[in-house]
Amino acid sequence: METYAKALLYAIPFFILLLVVEIVYGYFVKNQKYKVMDTVSSISSGFTNILKDSLGLGLILVSYPYLVEKLALTEIKATWLVWVVAFLVIDFAGYWNHRLSHKVNFFWNQHVIHHSSEEFNLACALRQSISNLIGYFPLFLLPAALVGVPYKVIAILAPIHLFAQFWYHTQHIGKMGWLEYIIITPSQHRVHHAINPEYIDKNLGQILCVWDRWFGTFQEELEDVPPQYGVLKPANTWNPVLINFQHLWRLIKDAWRTRSYWDKLRIWFMPTGWRPADVKEKYPIAIIENVYGFERFNTPSTKALNGYAIFQLFFTLFFLLFMFYNYSDIGFNGLLLFGAFVFVGIYGYTTLMDRSKYAVYIEVFRGLAGIVFIWLTKDWFGIDGFVSWGSLLVALYFFITILGGIYFTYFEKTNAVADLV
């Protein structure tokens, strides 16, 4: 986990830089694809995901090293061939894992966060799951294990394969000629994120588009069908934690409410969106029918709240970078507490962005908890060892958090403004 944390220390600033480049480009060409609240929500979602992964929170059903040890029929040495085989297996596995997430009710819950943004930009690529608490992906790597692809090769290629899926989440790049027949391009991925009937559940590949073409899930972006983004059951919140578990909560309620014991069992494994007939009739859920005419989610947003949301986002980024830089010194118990502060912080300020009345209680609580922690330990997880006044800066941040929660809940006028970067 420490190695992963060190990698994130460099990867996160790189991704943020690319976001800034796309925002600046959109500004100069007068074709902005970013909105403040949506962008903060997207990046915050990415923060929750890397926080979960860096702390190792989750249960791995079976690890790839175990599969190699028990099932390998031969062994491929680490030559150019093993890298090619490993890449193809990872991409093939990624396609089927992705397809499973789109086609089965239970697995959709861990992927819905990625599609929840009603915008399409590099920030939405960071909407990654925290609800995938059971790790089963190594099972898709059985072909690699059978031919003995070394674990180290998979360990190196897997994050590269993941990061390589970032760049094509953009509307500023058109079709790319002959590359459209080889790799996943921005045009193909715009189709994938769209809720148009022509585009639903298409283009499930991750790097190569050959799998979609072979298995019948490929769809070209059509000039007369502009993609509309989001999910058919809108999230209607900026809080990434709530988005992560919305679908699961609906499944739980439907399984509880239905009178059919058979439906209570099969609802989890039925196609995404399936509901028992009796529950569907008694408890209808609004679904977008006109993809060109639905009202996109928004909340009363002033310039002050936009600025405050960005302030919270950057301070959360600061916390994470400090955590990854000081990972081993903080220690496991310290990391769990540190992670809790960050996690509750994201939940708090995104709930405040929703204009939820209970957000103030979260913000005041975490602000007071942070100040009390600094007062008791005379430090903030060792930050004073780097900057003598570091803990005072963090205490000031928590004080501002308390004031912000109170001000934006009880005092600020909530006249909506155009929510544009």
> Can you tell which of His114, His189, His192 makes a ring pair (Phe, Tyr, Trp, His ring centres under 6.0 Å) with His98?
Replying inline: His192
> Sequence neighbours excluded, which residues qualify as side-chain hydrogen bond (donor to acceptor under 3.5 Å, both in side chains) partners of Asp329?
Replying inline: none
> Which residues satisfy the side-chain hydrogen bond (donor to acceptor under 3.5 Å, both in side chains) test with Arg266, sequence neighbours excluded?
Replying inline: Asp263
> So do Glu119 and Lys35 actually touch side chain to side chain, heavy atoms under 4.5 Å?
Replying inline: yes
>> When you compare the side chains of Ser54 and Tyr327, does any donor N or O come within less than 3.5 Å of an acceptor on the partner?
In response: no
> Does a side chain donor of either Ser301 or Asn306 reach within less than 3.5 Å of an acceptor in the other side chain?
Replying inline: yes
> Phe311: what forms a side-chain contact (heavy atoms from CB on, under 4.5 Å) with it, not counting sequence neighbours?
Replying inline: Tyr308, Phe315, Tyr397, Ile400
>> Taking ring pair (Phe, Tyr, Trp, His ring centres under 6.0 Å) as the definition, give me every residue that meets it alongside Phe47, ordered by chain and number, with sequence neighbours left out.
In response: none
> Parallel, tilted or perpendicular: which describes the rings of Trp380 and Phe338, with under 30° parallel and over 60° perpendicular?
Replying inline: tilted
>> Which residues pass the salt bridge (charged side-chain N to carboxylate O under 4.0 Å, His left out) test with Glu198, not counting sequence neighbours?
In response: none
> So, do Trp214 and Trp211 have ring centers that fall under 6.0 Å from each other?
Replying inline: yes
> Is the Phe398 ring parallel, tilted or perpendicular to the Phe341 ring (thresholds 30°, 60°)?
Replying inline: tilted
> Can you name the salt bridge (charged side-chain N to carboxylate O under 4.0 Å, His left out) partners of Arg190, sequence neighbours left out?
Replying inline: Glu221
> Is the shortest heavy-atom distance from the side chain of Phe245 to the side chain of Ile252 under 4.5 Å?
Replying inline: no
>> Taking the basic N atoms (NZ, or NE/NH1/NH2) and the acidic carboxylate oxygens, is any pair closer than 4.0 Å for Arg127 and Asp38?
In response: yes
>> Under a 3.5 Å threshold, yes or no: a donor from one side chain and an acceptor from the other, between Thr185 and Glu180?
In response: yes
>> With rounding to the nearest 0.5 angstrom, report the CD1 to CD1 distance, Ile50 to Ile130.
In response: 12.5 Å
>> How about CZ on Phe14, more than 12 heavy atoms from neighbouring residues, nucleotides or ligands closer than 6.0 Å, or not?
In response: no
>> Run the side-chain hydrogen bond (donor to acceptor under 3.5 Å, both in side chains) test against Asn121 and tell me which residues pass, sequence neighbours left out.
In response: none
> Phe120: what forms a ring pair (Phe, Tyr, Trp, His ring centres under 6.0 Å) with it, not counting sequence neighbours?
Replying inline: His169, His193, Tyr229
>> Between Tyr199 and Gln228, is there a side-chain heavy-atom distance shorter than 4.5 Å?
In response: no
> Among all residues two or more places apart in sequence or in another chain, which pass the salt bridge (charged side-chain N to carboxylate O under 4.0 Å, His left out) test with Lys103?
Replying inline: Asp201
>> Pair Gln312, Thr401 - check side chain to side chain donor-acceptor pair (under 3.5 Å), show working.
In response: CA-CA 8 Å; Gln312 287 287 350; Thr401 293; 3.2 Å; yes
>> Holding to salt bridge (charged side-chain N to carboxylate O under 4.0 Å, His left out), I want the full list of residues that pass it with Asp254, two or more places apart in sequence or in another chain.
In response: Arg275
> Should the pair Phe15 and Phe163 be assigned to parallel (<30°), tilted (30 to 60°) or perpendicular (>60°) ring geometry?
Replying inline: perpendicular
> Among pairs that include at least one residue of residues 11-25, which meet side chain to side chain donor-acceptor pair (under 3.5 Å), considering only residues two or more places apart or in two chains?
Replying inline: Glu22-Tyr34, Glu22-Thr170
> How about Phe28: does its CZ atom have over 12 heavy atoms from other parts shown lying under 6.0 Å from it?
Replying inline: no
> Taking side chain as C-beta onward, heavy atoms only, is Asn244 less than 4.5 Å from Ser129?
Replying inline: yes
> Who pairs with Asn203 by side-chain hydrogen bond (donor to acceptor under 3.5 Å, both in side chains), at least two apart in sequence or on another chain?
Replying inline: none
>> Do Arg355 and Phe408 make a side-chain contact, defined as non-hydrogen atoms from C-beta onward lying under 4.5 Å apart?
In response: yes
>> With no hydrogens and no angle check, just 3.5 Å: does a side-chain donor-acceptor pair link His115 and His102?
In response: yes
>> Check the orientation of Phe322 and Phe318. Use parallel for under 30°, tilted for 30 to 60°, and perpendicular for over 60°.
In response: parallel
> Is there side-chain contact between Val241 and Thr350, with heavy atoms separated by less than 4.5 Å?
Replying inline: no
> Is any NZ, NE, NH1 or NH2 atom of the basic residue among Lys175 and Glu223 found under 4.0 Å from an Asp or Glu carboxylate oxygen of the other?
Replying inline: no
